[in-house]
Amino acid sequence: MYLPFIVLFPMWWSLPADPIYMVIKEKKITVEGNTSLGEFSCEYGIVGKRDTLYLETSGPEHLYEFEIKTEDFRCGNFLLNRDYQKTLKAKEHPTITVRVEHLTSMNSHSMQGMLTLTIAGKTQTMDQVPFKKSMLEGKESLQAAIELHLSTFELEPPTKLGGLIKTDDAMLVSVSLIINE
(Lines give C-alpha, C1' and ligand atoms only; values in the text may rest on other atoms or scores of the structure.)
Protein backbone atom coordinates (compact mmCIF):
# COMPACT_ATOMS: atom_id res chain seq x y z
CA MET A 1 0.00 0.00 0.00
CA TYR A 2 1.33 3.41 -0.95
CA LEU A 3 0.81 6.41 1.26
CA PRO A 4 0.84 9.87 -0.26
CA PHE A 5 3.99 11.72 0.65
CA ILE A 6 3.68 15.47 0.77
CA VAL A 7 6.68 17.71 0.89
CA LEU A 8 6.05 21.00 2.61
CA PHE A 9 8.41 23.89 2.14
CA PRO A 10 8.06 27.62 2.49
CA MET A 11 6.54 29.17 -0.60
CA TRP A 12 8.79 32.22 -0.37
CA TRP A 13 11.73 30.07 -1.36
CA SER A 14 10.36 29.34 -4.78
CA LEU A 15 7.96 32.05 -5.89
CA PRO A 16 9.10 35.50 -6.91
CA ALA A 17 7.41 38.46 -5.27
CA ASP A 18 4.89 40.41 -7.27
CA PRO A 19 6.57 43.47 -8.76
CA ILE A 20 5.69 46.88 -7.38
CA TYR A 21 4.75 49.32 -10.10
CA MET A 22 3.08 52.61 -10.95
CA VAL A 23 0.93 53.33 -13.97
CA ILE A 24 2.07 56.41 -15.87
CA LYS A 25 -0.90 58.33 -17.31
CA GLU A 26 0.93 61.40 -18.62
CA LYS A 27 4.49 62.59 -19.24
CA LYS A 28 5.76 66.15 -19.16
CA ILE A 29 9.31 67.29 -19.85
CA THR A 30 10.33 70.92 -19.31
CA VAL A 31 13.67 72.44 -20.32
CA GLU A 32 14.49 75.84 -18.81
CA GLY A 33 17.49 77.99 -19.56
CA ASN A 34 18.84 81.52 -19.66
CA THR A 35 19.99 83.83 -22.39
CA SER A 36 21.63 87.22 -22.15
CA LEU A 37 18.12 88.67 -22.71
CA GLY A 38 16.21 86.54 -20.20
CA GLU A 39 14.82 83.09 -19.55
CA PHE A 40 13.21 80.56 -21.87
CA SER A 41 11.20 77.40 -21.34
CA CYS A 42 10.42 74.54 -23.73
CA GLU A 43 7.84 71.85 -22.93
CA TYR A 44 6.84 68.45 -24.17
CA GLY A 45 3.81 66.57 -22.96
CA ILE A 46 1.85 63.48 -23.85
CA VAL A 47 -1.48 62.39 -22.40
CA GLY A 48 -3.43 59.20 -22.84
CA LYS A 49 -0.66 56.69 -23.45
CA ARG A 50 -0.36 54.53 -20.34
CA ASP A 51 2.92 52.91 -19.39
CA THR A 52 4.21 50.90 -16.44
CA LEU A 53 7.05 52.02 -14.19
CA TYR A 54 8.46 49.23 -12.00
CA LEU A 55 9.94 49.93 -8.58
CA GLU A 56 12.50 48.05 -6.51
CA THR A 57 13.44 45.85 -9.48
CA SER A 58 16.13 45.70 -12.11
CA GLY A 59 16.65 44.08 -15.46
CA PRO A 60 15.80 45.03 -19.03
CA GLU A 61 12.18 43.90 -18.66
CA HIS A 62 11.64 46.41 -15.83
CA LEU A 63 13.13 49.58 -17.26
CA TYR A 64 10.92 52.45 -18.32
CA GLU A 65 11.89 54.13 -21.57
CA PHE A 66 10.17 56.54 -23.89
CA GLU A 67 11.10 58.63 -26.89
CA ILE A 68 10.31 62.26 -27.56
CA LYS A 69 10.23 63.74 -31.03
CA THR A 70 12.50 66.76 -30.82
CA GLU A 71 10.13 68.72 -33.05
CA ASP A 72 7.30 68.20 -30.50
CA PHE A 73 8.90 70.51 -27.91
CA ARG A 74 7.12 73.86 -27.68
CA CYS A 75 9.14 76.91 -26.67
CA GLY A 76 6.54 79.65 -27.03
CA ASN A 77 6.91 80.71 -30.66
CA PHE A 78 8.08 79.29 -33.94
CA LEU A 79 11.44 81.13 -33.86
CA LEU A 80 12.38 79.66 -30.47
CA ASN A 81 11.05 76.25 -31.56
CA ARG A 82 13.28 76.38 -34.65
CA ASP A 83 16.36 77.47 -32.65
CA TYR A 84 15.77 74.70 -30.11
CA GLN A 85 15.45 72.07 -32.83
CA LYS A 86 18.57 73.36 -34.57
CA THR A 87 20.55 73.29 -31.32
CA LEU A 88 19.51 69.67 -30.68
CA LYS A 89 20.27 68.69 -34.30
CA ALA A 90 16.69 67.53 -34.86
CA LYS A 91 17.22 66.74 -38.55
CA GLU A 92 20.06 64.25 -37.82
CA HIS A 93 18.63 63.03 -34.48
CA PRO A 94 14.83 63.44 -34.50
CA THR A 95 14.23 61.80 -31.11
CA ILE A 96 15.37 62.15 -27.51
CA THR A 97 15.31 59.00 -25.38
CA VAL A 98 14.53 59.07 -21.65
CA ARG A 99 15.13 55.93 -19.57
CA VAL A 100 14.35 55.43 -15.86
CA GLU A 101 15.89 52.38 -14.13
CA HIS A 102 16.50 50.96 -10.67
CA LEU A 103 13.92 53.19 -8.98
CA THR A 104 13.88 52.52 -5.23
CA SER A 105 11.86 54.08 -2.41
CA MET A 106 13.71 56.23 0.08
CA ASN A 107 10.57 57.09 2.09
CA SER A 108 6.87 57.62 1.35
CA HIS A 109 7.49 60.80 -0.67
CA SER A 110 10.83 60.27 -2.34
CA MET A 111 12.64 57.77 -4.53
CA GLN A 112 16.01 57.45 -6.14
CA GLY A 113 16.94 55.99 -9.47
CA MET A 114 19.07 56.06 -12.55
CA LEU A 115 18.12 58.39 -15.39
CA THR A 116 19.63 58.03 -18.86
CA LEU A 117 19.16 60.64 -21.58
CA THR A 118 20.14 60.29 -25.22
CA ILE A 119 20.22 63.65 -27.00
CA ALA A 120 21.68 64.28 -30.45
CA GLY A 121 23.13 60.76 -30.50
CA LYS A 122 25.04 61.19 -27.21
CA THR A 123 24.07 59.40 -23.99
CA GLN A 124 24.48 60.52 -20.40
CA THR A 125 23.58 58.36 -17.41
CA MET A 126 22.98 59.90 -14.00
CA ASP A 127 22.95 57.67 -10.92
CA GLN A 128 21.09 58.41 -7.70
CA VAL A 129 18.75 60.97 -9.23
CA PRO A 130 16.19 62.05 -6.62
CA PHE A 131 12.53 61.70 -7.59
CA LYS A 132 9.79 63.06 -5.37
CA LYS A 133 6.09 62.40 -5.21
CA SER A 134 4.04 65.57 -5.28
CA MET A 135 0.97 67.16 -6.80
CA LEU A 136 1.30 68.75 -10.24
CA GLU A 137 -1.73 70.65 -11.49
CA GLY A 138 -3.94 68.66 -9.09
CA LYS A 139 -2.56 65.28 -10.16
CA GLU A 140 -0.22 62.94 -8.28
CA SER A 141 3.17 62.90 -9.98
CA LEU A 142 6.70 61.63 -9.71
CA GLN A 143 9.18 64.39 -10.52
CA ALA A 144 12.92 64.75 -11.02
CA ALA A 145 14.87 67.89 -11.87
CA ILE A 146 18.44 67.76 -13.13
CA GLU A 147 20.90 70.27 -14.46
CA LEU A 148 22.34 69.41 -17.85
CA HIS A 149 25.02 71.08 -19.88
CA LEU A 150 24.70 71.16 -23.66
CA SER A 151 28.46 70.68 -23.90
CA THR A 152 28.05 67.23 -22.28
CA PHE A 153 26.19 66.20 -25.41
CA GLU A 154 28.72 67.96 -27.66
CA LEU A 155 26.16 70.66 -28.48
CA GLU A 156 26.84 74.37 -28.67
CA PRO A 157 24.48 76.87 -27.04
CA PRO A 158 22.96 79.06 -29.74
CA THR A 159 23.94 82.69 -30.25
CA LYS A 160 22.22 85.40 -32.25
CA LEU A 161 23.12 88.78 -33.70
CA GLY A 162 26.81 88.07 -33.98
CA GLY A 163 27.09 86.90 -30.38
CA LEU A 164 25.11 89.71 -28.75
CA ILE A 165 22.47 87.23 -27.57
CA LYS A 166 23.97 84.16 -25.93
CA THR A 167 22.39 81.08 -24.37
CA ASP A 168 23.89 79.53 -21.23
CA ASP A 169 25.36 76.03 -21.49
CA ALA A 170 23.48 74.89 -18.35
CA MET A 171 19.79 74.00 -18.52
CA LEU A 172 17.34 72.65 -15.96
CA VAL A 173 15.46 69.59 -17.19
CA SER A 174 12.34 68.55 -15.25
CA VAL A 175 10.79 65.14 -15.83
CA SER A 176 7.21 64.82 -14.50
CA LEU A 177 5.38 61.50 -14.68
CA ILE A 178 1.69 61.71 -13.75
CA ILE A 179 0.93 58.48 -11.92
CA ASN A 180 -1.94 56.29 -10.89
CA GLU A 181 -0.58 53.89 -8.27
Side-chain angles (χ1 to χ4, degrees), residues 22-54 60 62-103 111 113-132 134 136-137 139 141-179:
M22 294 179 179
V23 175
I24 308 297
K25 300 188 297 185
E26 299 175 33
K27 299 180 253 319
K28 183 177 179 181
I29 310 294
T30 304
V31 178
E32 298 173 321
N34 293 306
T35 70
S36 53
L37 289 181
E39 299 176 343
F40 70 90
S41 178
C42 298
E43 292 187 355
Y44 165 84
I46 188 165
V47 179
K49 184 180 176 193
R50 294 181 180 261
D51 289 313
T52 304
L53 175 62
Y54 290 94
H62 291 129
L63 67 82
Y64 177 60
E65 180 176 286
F66 61 96
E67 287 188 343
I68 302 167
K69 290 182 180 178
T70 308
E71 66 186 27
D72 288 349
F73 271 93
R74 297 293 167 239
C75 301
N77 65 55
F78 77 94
L79 293 173
L80 288 173
N81 292 347
R82 187 184 65 203
D83 288 347
Y84 186 75
Q85 292 169 15
K86 185 178 176 185
T87 299
L88 297 181
K89 301 179 181 179
K91 290 188 184 208
E92 298 89 18
H93 304 282
T95 60
I96 295 170
T97 304
V98 179
R99 182 184 312 149
V100 179
E101 297 181 70
H102 310 294
L103 199 58
M111 298 181 176
M114 185 167 58
L115 185 65
T116 303
L117 296 175
T118 303
I119 301 172
K122 306 291 183 212
T123 301
Q124 181 181 11
T125 300
M126 295 145 282
D127 289 323
Q128 300 179 350
V129 173
F131 288 81
K132 67 177 183 172
S134 62
L136 178 68
E137 300 170 359
K139 300 173 185 174
S141 69
L142 189 61
Q143 300 176 332
I146 53 172
E147 183 177 278
L148 287 182
H149 295 266
L150 290 173
S151 57
T152 301
F153 296 95
E154 298 178 15
L155 299 172
E156 290 187 31
T159 60
K160 293 290 181 193
L161 299 174
L164 290 175
I165 302 173
K166 297 179 183 179
T167 304
D168 291 347
D169 184 45
M171 296 185 182
L172 181 66
V173 177
S174 301
V175 178
S176 301
L177 304 173
I178 310 302
I179 58 174

### Query
Just how far is it from atom OG of S176 to atom NZ of K139, taken to the nearest 0.5 Å?
11.5 Å
### Task
Indicate the atoms forming the closest heavy-atom contact of E147 with L172, along with that distance.
N-CD1, 4.3 Å
### Query
Sub-3.5 Å donor-acceptor pair from the side chain of D168 to the main-chain atoms of A170, do we have one?
no
#### Entry: Main-chain N/O of K166 paired with S36 side-chain donor or acceptor, under 3.5 Å
yes
### Task
Working to the nearest 0.5 Å, report the span between OG1 of T97 and CD of E65.
5.5 Å
### Message
Between L103 and Y64, is there a side-chain heavy-atom distance shorter than 4.5 Å?
### Response
no
### Message
Rounded to the nearest 0.5 Å, what separates atom CD in E154 from atom CD1 in I119?
### Response
12.5 Å
### Query
More than 12 non-hydrogen atoms from neighbouring residues, nucleotides or ligands closer than 6.0 Å to CD on E92, yes or no?
yes
### Task
Decide whether T123 and T118 meet the rule of one side-chain donor and one side-chain acceptor closer than 3.5 Å.
yes
### Task
Report yes if some heavy atom in the side chain of T30 is under 4.5 Å from a heavy atom in the side chain of E32; otherwise report no.
yes
### Query
If we only count heavy atoms from C-beta on, is the L88 to F153 side-chain gap below 4.5 Å?
no
### Message
If you compare all heavy atoms of V31 against all heavy atoms of Y84, which two are closest, and at what distance to 0.1 Å?
### Response
CG2-OH, 3.4 Å
### Euclidean distance, E156 CD relative to K86 NZ, rounded to 0.5 Å
11.0 Å
### Query
Taking the side chain as C-beta and beyond, is there a heavy-atom pair between I29 and F66 under 4.5 Å?
yes
### Message
Taking C75's backbone N and O only, do any of them form a donor-acceptor pair with N81's side chain (distance below 3.5 Å, no angle check)?
### Response
yes
### Query
Sub-3.5 Å donor-acceptor pair from the side chain of S174 to the main-chain atoms of A145, do we have one?
no
### Query
Can you find a heavy atom in the side chain of I178 that is under 4.5 Å from one in the side chain of E137?
no
### Task
Identify which one of I146, T125, T152, V175 satisfies the side-chain contact (heavy atoms from CB on, under 4.5 Å) criterion when paired with L117.
I146
### Task
Take Y44 and I96 through the test side-chain contact (heavy atoms from CB on, under 4.5 Å) and record every step on the way to the result.
CA-CA 11 Å; Y44 165 84; I96 295 170; over 6 Å; no
### Query
Does a salt bridge link E26 with K28, judged by any charged N lying under 4.0 Å from a carboxylate O?
no
### Query
How long is the span from the CZ atom in F131 to the CG atom in L115, to the nearest 0.5 Å?
5.0 Å
### Query
Does S141 use its side chain to pair, donor to acceptor, with the backbone of Q143 at less than 3.5 Å?
no
#### Entry: Heavy-atom pair with the smallest gap, counting every atom of L177 and I24
CB-CD1, 3.8 Å
## Note on the structure
Between the CG atom in D169 and the CE atom in M171, the distance rounded to the nearest 0.5 Å is 7.5 Å
